[in-house]
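Each chain gets a letter, A, B and so on, in the order its sequence line appears, and its residues count up from 1. This structure is a prediction, so every number in the text was calculated from the model and none was measured.
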Amino acid sequence: MKRQVALLITLFIGTLLVVSVFIPPMESLKETFTLFFDIIAVFAFFLGGGNLLRVHLTKLSKRKQDWVYSIVTLVGFTVVLVIGLFKLGNPGGIAASPTAEGSLFQTLFDNVLVPLSSTMYALLAFFVASASYRAFRAKNREATILLIAAFIILLGRTPFGMMLTSWVPNSLSILQIPNLAIWIMNSANLAGQRAIMIGIGLGVVSMSIRIILGIERTYLGEEK
Amino acid sequence: MDDQLYRQPVFRVFQIFLIIFTVLAGSIFAQDPAIGLTDSADVFVPAPPGAVKATDVVYDQGGAVDLEWELSPDDDGSLKVSGYYICRREVGGEDYRLVDSVMAGVRTFVDETVEQDHTYQYMVAVNGDCSTAPSEESNSITPDMEWLNFGLSNLFIIGLVICGSVIYFIAHAKRGKKFFIRKIAGLEAVDEAIGRATEMGRPILFVPGILDMDDVQTIAALTILGRVSRVVADYDTKINVPVSRSLVMTAARETIKSSYMAAGRPDAYSDDMAAYITDEQFGYVAAVDGMMVREKPATCFLLGAFFAESLILAETGNSIGAIQIAGTARPAQLPFFVAACDFTLIGEELFAASAYLSGEPKQMGSLKGQDVGKAIAMVFIVLGVITTTLAQAWDIGVFTWISDLLHDLFQVTS
Amino acid sequence: MDAIGLWIGAFLTLGIMSFLYKDNPWYKLSESIFVGVSAGYWFITLFWDSIYSKFYIGVSQEGDNYLYVGAILGLMMLMRLIPKVGWISRWPLAFIVGAISGFYLINYFSSNIMRQVANTVMPLFSTDYGQSLFSASVGTIIDNILVAGGTFAGLVYFFFSKEHKGAFGATAKVGIWVIMVTFGATFGYTVMSRMSLLIGRMDFIFGDWLGLIK
Amino acid sequence: MFTPAPLLALSSSTIGVSISLGLVGLGMVWMLIRSLRARDVDRRIVFLFIFISVSAPILFPITFSETPTPVVKKLFDKVESLPADSKVLISFDFDPAMAPEVQPMADAFTRHCMAKNHKVIFMSLWATGQSLLNQTMRAVLVTEFPEKRDGIDYVELGYKAGNEGVLNVIVSNFRKMFPTDVNSIPLDSIEIFDKIKSCRDLDLIISIGGGKPGIKEWVLFVGDPTKTPIGAGVAAVVAPQLYPYYPKQLLGLLGGVKGAAEYESELVRHYPQFEEVDKPGLRMMGPQTFAHVVILAFIVLGNISFFVSRRRASR
């Protein structure tokens, strides 16, 4: 019974949103749902954040491996919460936006989160290199095509691409690697992109229908 | 050549000066009609713009009116006309009020400040207020709200056809019709991958992307998690689902729990299987990376919405020698999965996965249905390309007709 | 203050980088700081933005009482904390999933299917729909044909309900090749952006921190 | 595209570069020998190579000149051709992680619009975009254009949560989503907004980002319905998947540092006064090039060792 209600909710809301597109008076429905979602998400955080605390506190109390680091996490978490909620060290006081210039909260962001996230992101440079060394090998035809396309584009992004093929007469300028690179981006790449996009579109449509009709219900629990 | 002149900074300055002047002039004389009326010889008053046509904007909530007028003969780019000033009044009500203004050379305006079911009249004046060289009054117009957006009827029709085909085949399958579905390598490998983890006595890592429940890919990932954790429950292997959104954590727990119940082992389920890390993209990645190198999972599922982290996770997973099954609908990230993972679900396959894994006829039916959708799209593409090309080659009525039809059919207005 | 910030930044930057060598206490430390602080940061941002700016202001000042529905759904979510009524948290979940499915169904339909098909329906010998015949250069004509054909083949690859055999299989093969070119291109194109991120960090280390770049 | 001529327009001491490149070169030879023996190298060595080839050109700068590709030129020309006082919205839809790549674009756009005396509206769909927006404000607007006044020449709306939701609203009404600007000044008392109700009233929208919500959302939720031209500056990674939208739904596109560099050089070509300002895009092209070459080398080496080992196996 409880689950039937849930399925009905999905069915009703889903259909409603689909229909709303064709009915001008219901245009604003999307915005409303977006607002609702944001609000729900914050409530949900009490579960997520709560779980974060629980996990690390147990780790701490049970003196599990690496429990020391749990202290760091816990401290960091609570400190930010306190600073942010009471807007400590915020020039504008409680009225100002939490991310106001010069606020302690913002400083924390600039000096701790910015370096951390951008460095984590920067690691990609290394992984891209190791991946291209390890994975870009002409194992089979697909792999070879992937490899060649990537190689041409890469070359096209360097001055050497131009230098290597500068002897090519302008009548055949398409064969100059940088142009070749751009051409690949605009033709074959475009075709692939479109095929993938249309496919995705159909995938989403069909999955949404399954969900709305309650055929796909794994996320709601499958008690038998 | 004119263009050259136009670019001259001197000219620019002059032009800006002129605009400022005209606007000032306009407003001054607006404030003091006495002067405005007496010697208009000093102030050049351009000829009024031509007739104003007001039409209701269709398929809206009745909050907008389309205006169109003929430019003033003096509006020849010589800046005698600084701009057009749209004035409006309610019929039988107050006199004309300035609503808004547009630059010279503009001949249309959408008034979004009207109220439904009130009747309005418009006129367009130049240079600053409603009294300088106003046009004739427009037709009176009553913006109203439509109940159906016929502008989207093509979307509706095609949508009906494709969604219809999906539903039809689901229903068809319900009546016990079996459909052939080709093997999808990535999904064939799921059982084996889980089995491997069981043998090695190592955990399984399932990453449902980094977006919240408001993204379909996350939902798709969770539906797959349902199938996976069902198998995991049977094998009695350890599964970790670190997530970067609280809502996803909740949903993931719900999903795993029910799978364990379905497998008849509710006792084996624990909330620790799905844990929230942090909303911050790279904070989450840092943590998951750490998890990988410390717990050394034998199998990694990377399914859902991924951004830059795709390769970080995939390469780290690879460095610990895990079997990796990845999938996303983000074209930008697919290459990295293809390069660094053992199996990759490309776009549509991600959404088809749970249906495929479920093995239920109904779900299989939906796959058949979306294939029909694909077929339709392909037919339209082929037909469209051919007819449009032919229509261009020889202007034969039927081709032009078909190609135009197809074109209108697929143009999405809003 | 700035100096301290700089050093903290450098410390954390190197901490994360050290992961490239192998997992180590320095990384673990940076990681735990990262997780703790960022989790807090996001909650605060969301809180002030959704609960305060959107909900509280909306209800108290704009009088958008319908927002209470959102709040109620949120509370239902929290019911999980009480085992007895935990099941009710499924309703907001069902609500969200339903809404998103419905929303994306139409959205993807028009943007991914309709629009992409429309963009593919192109006269092969002209630069664009409605342009005169042979307005396109030879190159463009080849492109048009390639794009149309490639898209078609790519779609064939995604067919689930038909064995990839014979002519159909061959087309599917071409399709996957086209897709592979796409992937290769994307990968190659991406390297650049990845590098720039690293360059950015190096700038920070060598320039801002060590002051080696004038 | 590159012009080979000024390729080696070396700015400062080449010694350092040549030394480090020598190192890389030797290393490569060593790797080649290993590969010929079909022995793969540890990934950490790969990492080391990347580290050197990137940091060397940073410490000893080298710059190449750029000529804009059409897709960049188109956007530049649009900004250039708009009459003064046109209303341009620049949205900072990225985070610090993406910043090194796209912030240069943001700065370039801002400079260009200011030089053209456009009215600029700054906003962000990313919580993390706010502080980066402030950075550009501080670094470009305030320092280089002190004469420009807040609220008259530009306005900062700042960040609003709600992703596409925000766009769904502002497409029909700014004030509904942004009752005030970031300094809580009501929009009605901001001059720029006298004539702006919704996105329809803008002359150009430039979204800078690379994630979600980002350019795609701007195009689907704002560009298509309102027909307002949309330009974009994106991380190179997302550029390819945006090509389907160009040129119909997307006016122009800056992809990655190269895009930024091209825009910068084009900007300097039209506005010599920007000769002196820092041009991170151009500055970053040096290390870029070296890193690319190294990666290309890796792909080659990888395949050598692959083929050698396969031949061994077949024997």
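- Here the straight-line distance linking atom CE of C:Met195 with atom CE of D:Met285 works out to 12.5 Å at 0.5 Å rounding.
- Taking each heavy atom of C:Gly200 and D:Pro100 in turn, the nearest pair found is CA-CB, 4.0 Å.
- The number of heavy atoms from other shown groups lying within 6.0 Å of CZ (C:Phe47) is above 12.
- Note that NZ of D:Lys160 is 6.0 Å distant from CG of C:Asp49, once rounded to the nearest 0.5 Å.
- By the 4.5 Å heavy-atom criterion applied to side chains, D:Arg43 and C:Leu20 are not counted as neighbours.
- In this structure, C:Ile199 and D:Gln288 approach most closely via the heavy-atom pair CD1-N, 3.9 Å.
- Ranking C:Thr45, C:Thr120, C:Asp203 against chain D, the residue ahead of the rest is C:Asp203, based on heavy-atom pairs under 4.5 Å.
- By the side-chain hydrogen bond (donor to acceptor under 3.5 Å, both in side chains) test, C:Ser89 is found to be paired with C:Arg80, residues two or more places apart in sequence or in another chain being considered.
- At a heavy-atom separation below 4.5 angstrom, chain D is approached by C:Lys54 within residues 52-71 of chain C.
- For D:Ile58, the parts sitting under 4.5 Å from any heavy atom of chain C are the backbone and the side chain alike.
- Under the ring pair (Phe, Tyr, Trp, His ring centres under 6.0 Å) criterion, C:Trp26 pairs with C:Phe11, sequence neighbours left out.
- Residues passing the side-chain hydrogen bond (donor to acceptor under 3.5 Å, both in side chains) test with C:Trp48, sequence neighbours excluded: none.
- Only the side chain of C:Phe103 comes within contact range of chain D, with at least one heavy atom under 4.5 Å from a heavy atom of that chain.
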